[in-house]
Amino acid sequence: HLSVACGEADIVSCATLSNEALVQGAWLQPGTHLDLIGSFTPQMREADDDCFRGARLYLDTEEALTKSGDLLGPLSRGVFSASDVAGTLAGLSRGEVTGRCAAAERTVFKSVGTALEDLVANAGTYPDRVRNNAGGHWNHTFFWESMAPADQTGEMSPELTEAIEAAPRPTGRASTVSSSCSTFEK
């Protein structure tokens with residue numbers, strides 16, 4: 001049952017197209033991290049308001065505050081405010097934002113999806129295709145072919161290249177979760 005699995009998990013990750021909350025904050029234990037990567041429109045919802053109450057909230061981009069039903073509802077009801085957002089993925093990656101402050105602190109990451117996230121996922125999933133054979137430089141052609149429209153040409157910006165270079169690399173097998181909710185045991 002979902003409530004039991006969420007209550008026993010350290011990390012709960014949702015990647016759904018749900019229009020109603022599937023995860024209830026009452027199920028989450030202190031120290032749980034909730035990862036919400038569905039709900040990219042105002043009508044969609046994966047988590048109830050209690051998931052956000054008292055949690056440290058991170059977003060992939062500030063734009064998420066205007067797009068996601070997971071955030072728009074609680075914002076309108078005063079569960080949290082835009083100033084309560086602890087930071088963005090870019091800020092965390094650059095070390096400009098503080099992560100979890102205590103082991104018992106609940107954290108939430110809400111993503112509505114960005115091209116940069118797709119690029120970094122590509123880099124982690126296909127490292128042999130991403131790097132050129134000579135010198136370990138980024139294979140920009142691979143990124144343009146796989147991520148950009150066919151008529152787009154040019155080089156990646158230095159900022160984008162830097163962000164990809166700084167991204168952590170997975171040590172195990174990469175996999176994509178696309179089920180209703182996935183939980184990882186403690």
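In this structure a side-chain-to-backbone donor-acceptor pair under 3.5 Å is present from R100 to G31. With D50 contributing its side chain and Q24 its backbone, the two residues share no donor-acceptor pair below 3.5 Å. Between the side chain of D60 and the main chain of L89, no donor-acceptor pair closer than 3.5 Å is present. The closest donor-acceptor contact from the side chain of D35 to the backbone of V12 lies at 3.5 Å or more, if one exists at all.
In this structure, F80 has its ring center closer than 6.0 angstrom to the ring center of F52.
A salt bridge links E105 with R56: the closest approach of a Lys/Arg side-chain nitrogen to an acidic carboxylate oxygen falls below 4.0 angstrom.
Among all heavy-atom pairs drawn from S39 and G69, the shortest one is OG-N, 3.5 Å. Shown here for L65 and L59, the closest heavy-atom pair between the two residues is CG-CD1, 3.6 Å. In plain terms, the two heavy atoms of D48 and R45 that are nearest each other are C-NH2, 3.3 Å.
With a 4.5 Å cut-off on side-chain heavy atoms, D10 and H33 do not count as touching. Counting only heavy atoms from C-beta outward, the side chains of L28 and C6 approach each other to under 4.5 Å. Contact check for K67 versus F40: no side-chain heavy atoms found under the 4.5 Å cut-off. Residues Y58 and L92 meet the side-chain proximity criterion, which asks for heavy atoms closer than 4.5 Å. Between C14 and V23, some side-chain heavy-atom pair lies under the 4.5 Å cut-off.
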Item to complete: Please assess L34 against T107 for the test side-chain contact (heavy atoms from CB on, under 4.5 Å), listing each intermediate value before the final yes or no.
Response: CA-CA 6 Å; L34 177 58; T107 53; over 6 Å; no
Item to complete: Go through the steps to decide whether T41 and V112 satisfy the test side-chain contact (heavy atoms from CB on, under 4.5 Å), and finish with yes or no.
Response: CA-CA 8 Å; T41 71; V112 291; over 6 Å; no
Item to complete: Would you please test K110 and S68 for side-chain contact (heavy atoms from CB on, under 4.5 Å) and show each step?
Response: CA-CA 9 Å; K110 176 63 202 131; S68 171; 3.0 Å; yes
Worksheet item: Between L57 and D84, is a side-chain contact (heavy atoms from CB on, under 4.5 Å) present by the stated rule, with each step listed?
Response: CA-CA 7 Å; L57 176 60; D84 292 327; over 6 Å; no
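Tracing side-chain contacts under 4.5 Å through hydrophobic residues (I, L, V, M, F, W, Y), one reaches V108 starting from V85; they form part of the same cluster. The cluster map of Ile, Leu, Val, Met, Phe, Trp and Tyr, joined by side-chain heavy atoms under 4.5 Å apart, puts M44 and L71 in different clusters.
For the residue pair R106/T32, the side-chain donor-acceptor check at 3.5 Å is not satisfied. Side-chain contact check for T88 and T61: no donor-acceptor pair (N or O, by modelled atom type) lies under 3.5 Å. Side-chain atoms of E46 and T16 include a donor-acceptor pair closer than 3.5 Å.
With a 6.0 Å radius and a threshold of 12 heavy atoms from other residues, nucleotides or ligands, E20 has its CD atom at or below the threshold.
One finds the SG atom of C51 at 7.0 Å from the CG atom of L36 (value rounded to the nearest 0.5 Å).
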